[in-house]
Amino acid sequence: MFKYYVLALFIILIDQITKWFIVTRMQIGDRIGIWDPWIGILSHRNRGAAWGMLQGQMWIFYIVTIIVIVGVIYYFHKEGKNKPFLGVSLMILLGGAIGNFIDRVFRGEVVDFIDVFIPIIRYDFPIFNVADAALTISVVMLIIVILKEDQKEQRKVKQ
């Protein structure tokens, strides 16, 4: 069970180290091209949720994040610790949630820096960070868990 929490801690550390690097070495708006024009590091701050929604409504994020953290830990101990894929997905979710929560509590805003342009559809994807990526990955993993559980239930019904 300890190894699952180490995964969450690893995500938090990587998230906070990368954000510290951006905050201490770049000014807001500075951009470093990694693979121009598709991928870059762009120093940005977000006082809201994804895509800048709910700007300045920090109290909502505090409440929701605390509920999510408690819910993830509870569900992990109830279901996830005996199901490796579910356990990993929950710990990735926990790490991502805590990573952005730390920013909101100590900075009053979230540090975003990964800038992606998708040339095929000419879409400049919203700037994000390691915690955001972890949250997205965990949601995809949880969808897979739900679909697999649904398949198992359907097989049981057929038998």
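This chain uses plain numbering: 1 for the first residue, then up along the sequence.
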Residues Ile92 and Ser138: closest non-hydrogen pair is CG2-CB, 3.8 Å
The remaining residues in the hydrophobic cluster of Ile143, counting side-chain heavy-atom contacts under 4.5 Å among Ile, Leu, Val, Met, Phe, Trp and Tyr, are Val139, Leu147
Electrostatic pair Arg31:Asp115 at N-O distance under 4.0 angstrom:
yes
Between Trp38 and Pro119 the two heavy atoms that sit nearest each other are NE1-CG, 2.8 Å
Side chain to side chain contact (heavy atoms under 4.5 Å, CB included) test vs Asn100 passes for just one of Leu135, Val105, Asn46, namely Leu135
Donor-acceptor pairs under 3.5 angstrom involving side-chain atoms of residues 67-82: please list them, not counting sequence neighbours.
{"unit_1": "His77", "atom_1": "NE2", "unit_2": "Tyr5", "atom_2": "OH", "d": "2.7"}
{"unit_1": "Glu79", "atom_1": "OE1", "unit_2": "Lys83", "atom_2": "NZ", "d": "3.3"}

ask   = How about Ile121: does its CD1 atom have over 12 heavy atoms from other parts shown lying under 6.0 Å from it?
value = yes
Could you pull out every donor-acceptor pair under 3.5 Å between side chains of residues 9-16 and any protein atom, sequence neighbours left out?
{"unit_1": "Asp15", "atom_1": "OD1", "unit_2": "Lys19", "atom_2": "NZ", "d": "3.3"}
{"unit_1": "Asp15", "atom_1": "OD1", "unit_2": "Ala131", "atom_2": "N", "d": "3.0"}
{"unit_1": "Asp15", "atom_1": "OD2", "unit_2": "Lys19", "atom_2": "NZ", "d": "2.8"}
{"unit_1": "Gln16", "atom_1": "NE2", "unit_2": "Gly99", "atom_2": "O", "d": "3.0"}
{"unit_1": "Gln16", "atom_1": "NE2", "unit_2": "Asp103", "atom_2": "OD1", "d": "3.2"}

Give a yes or no on this: more than 12 heavy atoms of other residues, nucleotides or ligands lie within 6.0 Å of atom CD of Gln151.
-> yes
### Query
Transitively linked via ILVMFWY side-chain contacts under 4.5 Å: Ile41 with Phe117?
yes
Checking Leu90, Leu93, Val88 against Met141 for side chain to side chain contact (heavy atoms under 4.5 Å, CB included), the one that qualifies is Val88
Quick check on the hydrophobic clustering: are Val110 and Phe128 connected, directly or via other members, by side-chain heavy-atom contacts under 4.5 Å? no
query = Do Asp112 and Asp132 have side-chain heavy atoms sitting under 4.5 Å apart?
reply = yes
**Asked** Hey, quick one: are Phe113 and Ile118 part of the same hydrophobic cluster, counting side-chain heavy atoms closer than 4.5 Å, chains of contacts allowed?
**Response** yes
Check: Under 4.5 Å between side-chain heavy atoms, hopping through other hydrophobics if needed: is there a path connecting Ile98 to Met1?
Finding: yes
Closest non-hydrogen atoms of Val130 and Thr18, given as atom of the first, atom of the second and distance, are CG2-OG1, 3.7 Å
Should Ile17 and Phe101 be regarded as members of a common hydrophobic cluster, given that ILVMFWY residues are connected when their side-chain heavy atoms come within less than 4.5 Å of each other, either directly or indirectly? no
